[in-house]
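Please read the structure below before turning to the comments.
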Amino acid sequence: MTNASPYPVYPTAHPVGPAPDPTPQPYHRLDRTTGRHRWWRPVVGTVLLAFAYFVILLVLLGLSYGLGTALGAPELPDGGADLGPLGNTATDLVSIATALPLVLLATLWPARRAAGTVTSVTGRLRIGWLGWCLLAGLPPLLLLTVISFFLPGGSEESDTWVGWRSFLVALAVLAVLVPLQAAAEEYVFRGWLLQAVGAFLRSPWLAVVPQAALFAAAHGWGTRWGFLGLLVNGFVAGLLTIRTGGLEAAIALHVLNNLLAFGVSAAVVGGLASDETAADAPWSLALTAMTTDLLYAALVLWLARRREPQRLSAPSPPPAPYGHPTRTA
């Protein structure tokens, strides 16, 4: 007597679509590791990301207008409330920072990947490596600060000290919001866009170019040198992201640069009221910034050879069994 079933047994159907790629992949190719890649996912994700961000900006504008009305604040040309130089700066930083959670949501769907895969090949923010990158950024930042004092002035900002109280209050606000704003830009350009292009192109060079151009364009057109400086900055940050397997190096560079720029503006009367950006930099300042970006890249790559951060995704496990056999009558 046997326990064999009298019914024929057939395996369940194979899942639709390609299996996960078991080959370790660089950062810009992580969309290819899950087996869920479809040509439309990066496209739809980019459109939804842009639309959601536009809606959030409208909501923030409405909130700003309501707050300004309640406080009796004057109205800005764009319809928002004039909350003063620091208040307006904080509002702008918050509006940019809201893009960060949107990128994480877009990575979950429609990209259908773990949200952490837009951060690094390990699926998380590598705090230790971020700390090393911040240390690597201090010498170039110091060099940029020193050289800037000897460059010819091209800004309309005053050089009148605002006083310790105003400066420290502004510095506290900037220390909280600037890292969020800078990280959000990195998650959009060096994160989502780099991986969206990398889903179609193997070459890291070709994947880096579109996001660098869009990053420079997003700051507006000021001077030729200012645009070139932003283009080089985006290119360097993109290549470091791929070479080190995550956004930490790019975030560190962006945070340090922006803290320096906003900190200097907060130190003088009317500095935060200026609408100038890096796109408006004169040739001397843009050239200095490009030089320090390249110096930072050299230091990070030297550190990467010594610290060896993971730069490729872990090999995917073999596919799980297709489930229990199915009985058919």
Side-chain angles (χ1 to χ4, degrees), residues 89 96 133-159 174 178-179 181-183 185-186 188-190 193-194 204-244 247-268 270-304:
T89 299
I96 296 174
C133 291
L134 287 170
L135 287 175
L138 293 180
L141 186 74
L142 179 61
L143 178 63
L144 177 61
T145 304
V146 171
I147 294 178
S148 297
F149 277 109
F150 297 96
L151 295 178
S155 174
E156 297 179 359
E157 297 176 11
S158 72
D159 55 0
L174 295 172
V178 166
Q181 168 262 329
E185 291 190 25
E186 293 307 317
V188 170
F189 293 100
R190 259 65 71 181
L193 288 178
L194 187 61
W205 299 94
L206 295 179
V208 162
V209 169
Q211 61 80 28
L214 289 173
F215 174 71
H219 288 76
W221 181 264
T223 66
R224 232 175 259 170
W225 281 97
F227 185 86
L228 181 60
L230 287 166
L231 192 65
V232 170
N233 180 268
F235 199 78
V236 166
L239 287 178
L240 286 178
T241 297
I242 295 174
R243 176 61 183 82
T244 62
L247 294 175
E248 296 88 354
I251 290 174
L253 176 62
H254 205 148
V255 168
L256 291 174
N257 278 339
N258 282 16
L259 281 176
L260 173 63
F262 280 106
V264 170
S265 296
V268 297
L272 291 177
S274 173
D275 58 358
E276 289 187 356
T277 69
D280 302 301
W283 72 268
S284 54
L285 183 58
L287 190 59
T288 303
M290 285 187 276
T291 303
T292 54
D293 285 345
L294 294 174
L295 175 60
Y296 172 77
L299 290 173
V300 169
L301 292 176
W302 175 78
L303 270 176

- Message: For the CD1 atom of I242 and the CZ atom of R190, what is their distance to the nearest 0.5 Å?
- Response: 11.0 Å
- Task: Report yes if some heavy atom in the side chain of D293 is under 4.5 Å from a heavy atom in the side chain of N257; otherwise report no.
- Result: yes
- Task: Write down the atom of A297, the atom of V236, and the distance for their closest heavy-atom approach.
- Result: CB-CG1, 3.8 Å
- Message: Does any part of the side chain of L240, heavy atoms only, come nearer than 4.5 Å to the side chain of L301, both counted from C-beta?
- Response: yes
- Decide yes or no for L287 and M290: does some side-chain heavy atom of the first lie under 4.5 Å from some side-chain heavy atom of the second? yes
- Please round to the nearest 0.5 Å and tell me the distance separating atom OG1 of T244 and atom CG of L239. 10.5 Å
- L138 CG to L143 CG distance, which is reported to the nearest 0.5 Å: 12.5 Å
- Nearest heavy-atom neighbours spanning A252 and C133: CB-CB, 3.7 Å
- Query: If only atom types and distance count, is the side chain of D280 paired as donor or acceptor with the main-chain N or O of T277 below 3.5 Å?
  - Reply: yes
- Any donor-acceptor pair under 3.5 Å from T223 side chain to A281 backbone: yes
- Looking only at heavy atoms, which two atoms of T241 and A250 are closest? And how far apart? OG1-CB, 3.7 Å
- Task: Please name the pair of heavy atoms, one in P140 and one in A136, separated by the smallest distance, quoted to 0.1 Å.
- Result: CD-O, 3.1 Å
- Heavy-atom nearest pair, L134 first then L256, reads O-CD1, 3.7 Å
- Does T288 offer a backbone N or O that forms a donor-acceptor pair with the side chain of T292 under 3.5 Å? yes
- Quick one: CD on Q211 to CD on E186, what's the gap to the nearest 0.5 Å? 8.5 Å
- Y296 side-chain N/O to A249 backbone N/O, donor-acceptor pair under 3.5 Å: yes
- If you measure from CZ on F235 to CG on L228, what distance do you get to the nearest 0.5 Å? 12.0 Å
- Pairwise side-chain contact, L174 with T89, heavy-atom cut-off 4.5 Å (strictly under): yes
- Indicate the ring-plane relationship of F189 and F215, choosing parallel, tilted or perpendicular according to the 30° and 60° boundaries. perpendicular
- Is the count of non-hydrogen atoms from other residues, nucleotides or ligands lying under 6.0 Å from W221 atom CH2 greater than 12? yes
- Query: So how far is it from L141 CG to L253 CG, rounded to the nearest 0.5 Å?
  - Reply: 9.5 Å
- Query: Under the 3.5 angstrom rule, does the side chain of E185 hit a backbone N or O of A182 as a donor-acceptor pair?
  - Reply: no
